[in-house]
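Position 1 is the first residue of the sequence; numbering continues from there.
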Amino acid sequence: MAQYMFLLFDSEEFYDNVTPEVWQEQMKLHGAFAEAVEAAGAQILGGAALERSTTASTVKQGTGDPIVTDGPFIETKEALGGYYLLDCKDLDQALALAKLCPSNNIEVRPVMDTSADFPPS
């Protein structure tokens, strides 16, 4: 099994007018996604919804002292709104499960194994 991070990017405008009913429907869709992951023999190791990008801070490091700025690093229409960490048998399974995830844009990235000798593959 390998670990894959699903980064969920969506428009934050959803939160401007969401009703309790729509919120509950979204939570049901995420529950159904969790059931589909388990039924596929994979496992969700963690995940969470994130507060709006306006609550973010960015720490830029380079030469000299780190610089801390308000907000996300990149201006985009979609913002990172949450994530899942899954244990899947391979990338094919991770991509198949990402297609079931109730988010408009899902970036799927393998988690790097840093326990091995350099360089990571």
Side-chain angles (χ1 to χ4, degrees):
M1 299 292 274
Q3 292 183 3
Y4 293 89
M5 180 70 72
F6 287 22
L7 301 169
L8 313 181
F9 290 89
D10 289 295
S11 169
E12 293 184 309
E13 292 175 2
F14 167 80
Y15 298 106
D16 293 337
N17 300 308
V18 67
T19 64
E21 295 79 19
V22 170
W23 181 259
Q24 287 303 315
E25 182 58 33
Q26 287 297 307
M27 293 302 100
K28 286 180 185 176
L29 291 173
H30 283 277
F33 171 68
E35 291 172 4
V37 168
E38 187 175 317
Q43 182 180 12
I44 295 175
L45 301 175
L50 302 175
E51 293 290 343
R52 287 178 179 242
S53 61
T54 55
T55 66
S57 297
T58 300
V59 177
K60 295 181 183 181
Q61 300 198 66
T63 57
D65 292 333
I67 299 170
V68 178
T69 61
D70 290 336
F73 182 72
I74 302 171
E75 293 292 327
T76 63
K77 291 183 180 182
E78 290 86 22
L80 178 61
Y83 69 93
Y84 284 106
L85 177 61
L86 276 72
D87 197 20
C88 301
K89 63 182 175 185
D90 55 27
L91 179 59
D92 290 335
Q93 183 182 40
L95 293 174
L97 291 170
K99 292 176 184 177
L100 302 176
C101 186
S103 181
N104 290 329
N105 302 288
I106 300 113
E107 180 178 336
V108 177
R109 296 179 91 177
V111 174
M112 184 185 296
D113 178 4
T114 58
S115 66
D117 291 335
F118 185 81
S121 56

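Judged by distance alone, the side chain of Glu12 and the main-chain N or O of Ala79 form no donor-acceptor pair under 3.5 Å. Between the side chain of Asn104 and the backbone N or O of Asp10, no donor-acceptor pair lies under 3.5 Å.
Atoms OH and OG, from Tyr83 and Ser103 in turn, are 14.5 Å apart once rounded to the nearest 0.5 Å. We find the CD-CD distance between Gln3 and Gln43 to be 9.5 Å, quoted to the nearest 0.5 Å. Here the CG-CG distance, from Asp87 to Leu45, works out to 5.0 Å after rounding to the nearest 0.5 Å. Atom-to-atom distance recorded for Gln24:CD and Lys28:NZ is 7.0 Å, nearest 0.5 angstrom. For the atom pair CZ of Phe14 and CH2 of Trp23, the computed distance is 6.0 Å after rounding to the nearest 0.5 Å. The structure places CG of Leu85 at 13.0 Å from CZ of Arg109, a figure rounded to the nearest 0.5 Å.
Annotation for Leu86: hydrophobic cluster partners, listed by chain and number, are Tyr4, Phe6, Leu8, Phe33, Val37, Ile44, Tyr84, Leu91, Leu95, Leu97, Leu100, Ile106, Val108 (ILVMFWY side-chain heavy atoms under 4.5 Å, direct or chained).
Checked against side-chain contact (heavy atoms from CB on, under 4.5 Å), Glu35 has no partners two or more places apart in sequence or in another chain.
No continuous path of ILVMFWY side-chain contacts below 4.5 Å connects Leu29 to Val22, so the two sit in separate hydrophobic clusters.
Taking all atoms of both residues into account, the shortest heavy-atom contact from Met1 to Gly41 is CE-O, 3.7 Å. When every heavy atom of Ala40 is checked against every heavy atom of Gln93, the shortest pair comes out as O-NE2, 2.7 Å.
Taking a 6.0 Å sphere around CG of Asp65, one finds it holds 12 or fewer heavy atoms contributed by other residues, nucleotides or ligands. Within a 6.0 Å radius of CD in Glu107, other residues, nucleotides and ligands contribute more than 12 heavy atoms. More than 12 heavy atoms of other residues, nucleotides or ligands lie within 6.0 Å of CZ in Arg52, so this atom counts as buried by the packing criterion.
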